[in-house]
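Report on one structure; see the data block that follows.
The chains referred to below are lettered A, B, ... by the order of the sequence lines, with proteins before strands, and numbering in each begins at 1.
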Amino acid sequence: MVAEMAHIFLTDAPEISSSAREEGHADYFAILVTRACAGDALAFERIMLATEQRVVSIAWRMLGNRDDARDATQEVYLRVFKYLRRFRAGEDFRGWLYRITINVCHDFARKRRLDRVTQFEEVDFDDQRLVLETGGGDPETLALHTQQLALVRRALESLPVKERAALVLRDLEGFSTEEVARVLGSRPVTVRSQVSSARAKVKTYCEKLLRQRGGAQ
Amino acid sequence: MRKTNCKRITRMISLYVAGDLVGEPEREAAAHLADCQACRQLAEEFSESSSLLAQACAQPQFDAEFYAGIRREVLGKITAEGLAPKSQLFERFWGRRWVYAASLAALVLAAIALQVFRGVPRQPSRDPATAPLTSSQTRAAGSSSSRQSSESPRKPDRAIAQTGQSPKLFAGVNSRRRNNQFESPRKPDDLNAAGTAPDDRKGIAPPSRSSVAQSGRFVSSPAAASSSEVSRIEIQTADPNIRIIWFASRETRKSEPTNHDPDPENGDRN
């Protein structure tokens, strides 16, 4: 996919300097934004191509299902286009884009009254494949591991929105603490605190549920 | 000492496991974990939980059609609805149009309300209760005030001076009307056979604006009272202790306009 995108950039935008063509380069996005502001739909499509996977990923992890993730991603790009002139050259375009993504996800969650109760669709997961990939061949082990994964997803669903956003960006998307702080518009120390609290909650939630199930059996 | 250290390290373990600690805190946590079996166990649990989270929320593979569908939808909306990027200047002024509209509406309402409330006290200028007294009425007021002054411990010179100044007196009336310091009109039943009111000043009802307006209207509109009824006009002078009360029967008032035969049945001052 990345190779395909790179091909598009190389063939369709000869006037963009080669250094700026690299995905993620600030100048590259600045040029595309300028063009999109001037009404160049192709430039906007390139922005989407370069960023959509990450946006869908964040939206899916925040909202928990494929349909919501798709709707949220569409809303994100419509909002980005609408407020494109607000983006100032020199700023981190992707940080701005992910901030919009998180805000849209909050709005979606609020609208659907899912602030604390998102539902990961189990059909989105192929846990058995995952378990097999990680080496669990025994059916009993496979069942246990599948159950654990479902528990962890439920633990993530149970987190408050801000903590969930911090955990998703830091632990699942692999952003640094400083990047997460920029995206969420808070301080690194706050992000560290939120992430730490979220990790502890996930761990406690899983332990508690496993203990309950153990007691019930 | 070790317990305290464990408590402190416990809060840092999740950060240590994910590599969020740097410098001295990281070294401190590492040194503690090397010594403390319980904290090491906790660190392993955190590590396992983190790994499970990463596995559990591994993104499902969305196909190319999924992304293409999103792009189509977005670009279709942009071109169909003509969503132009908003300029900051446009947004700054046009985006707040509701604030401006609400402010304008509030100003208009305030202006209307001000006009209405300013109009209310001006209307009574036609009210007979505030019309200039005739010379006989002034005389009657003066005589009654002098009579009252002999009964009350008030200084007579002050009382006379107050009642003798008719412009000031009526200015006082207006101010009193605004301050709602009028008595309510008395019913005809309260009057004795001579048409005078009993001296029951102690039992006077609490003053109210409506009573003032009522007494004024009572005099001004002939249809408001039957022929046997008696109108009562009370005028509060600038001195809060002086009040002029004037009772007039309806028949008398019809033929009244002459100054020589005033009909103040009773002049009363408090």
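- By the 4.5 Å heavy-atom criterion applied to side chains, A/Leu49 and B/Arg71 are counted as neighbours.
- Taking CD of B/Glu73 as the reference point, atom CD of A/Glu75 lies at 12.0 Å (rounded to 0.5 Å).
- Near-neighbour residues of residues 17-27 of chain B relative to chain A, defined by a heavy atom under 4.5 Å from a heavy atom of that chain, comprise B/Ala18, B/Asp20.
- Between B/Val74 and A/Leu78, the shortest heavy-atom distance links the atoms O-CD2, 4.0 Å.
- Heavy atoms from other residues, nucleotides or ligands lying under 6.0 Å from CZ of B/Arg40 number more than 12.
- Your options are A/Val80, A/Val56, A/Val195, and the one with the most heavy-atom pairs under 4.5 Å with chain B is A/Val56.
- Distance CG/B/Leu53 to CZ/A/Arg199: 9.5 Å, rounded to 0.5 Å.
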- [ ] Kindly indicate, with the supporting measurements, whether the criterion side-chain contact (heavy atoms from CB on, under 4.5 Å) is fulfilled by A/Lys203 and B/Leu42.
- [x] CA-CA 10 Å; A/Lys203 178 178 162 294; B/Leu42 191 63; 3.6 Å; yes
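- Taking all atoms of both residues into account, the shortest heavy-atom contact from B/Cys57 to A/Arg153 is SG-CG, 4.2 Å.
- Looking only at side-chain heavy atoms (C-beta outward), B/Phe62 and A/Arg70 stay at 4.5 Å or farther from each other.
- Comparing B/Ser14, B/Ser49, B/Ala54 by heavy-atom pairs within less than 4.5 Å of chain A, the highest count is held by B/Ser14.
- Heavy atoms from other residues, nucleotides or ligands lying under 6.0 Å from NZ of A/Lys201 number more than 12.
- In this structure, chain A has a heavy atom under 4.5 Å from the side chain of B/Leu75, while its backbone stays farther away.
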Open item on the list: Could you go through A/Phe81 and B/Lys77, starting from their C-alpha distance and side-chain angles, then the distance that decides it, and tell me whether this counts as side-chain contact (heavy atoms from CB on, under 4.5 Å)?
Closed with: CA-CA 11 Å; A/Phe81 188 76; B/Lys77 277 186 183 173; over 6 Å; no
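- Inspection of non-hydrogen atoms places A/Leu167, A/Arg170, A/Asp171, A/Leu172, A/Thr177 of residues 165-178 of chain A under 4.5 Å from chain B.
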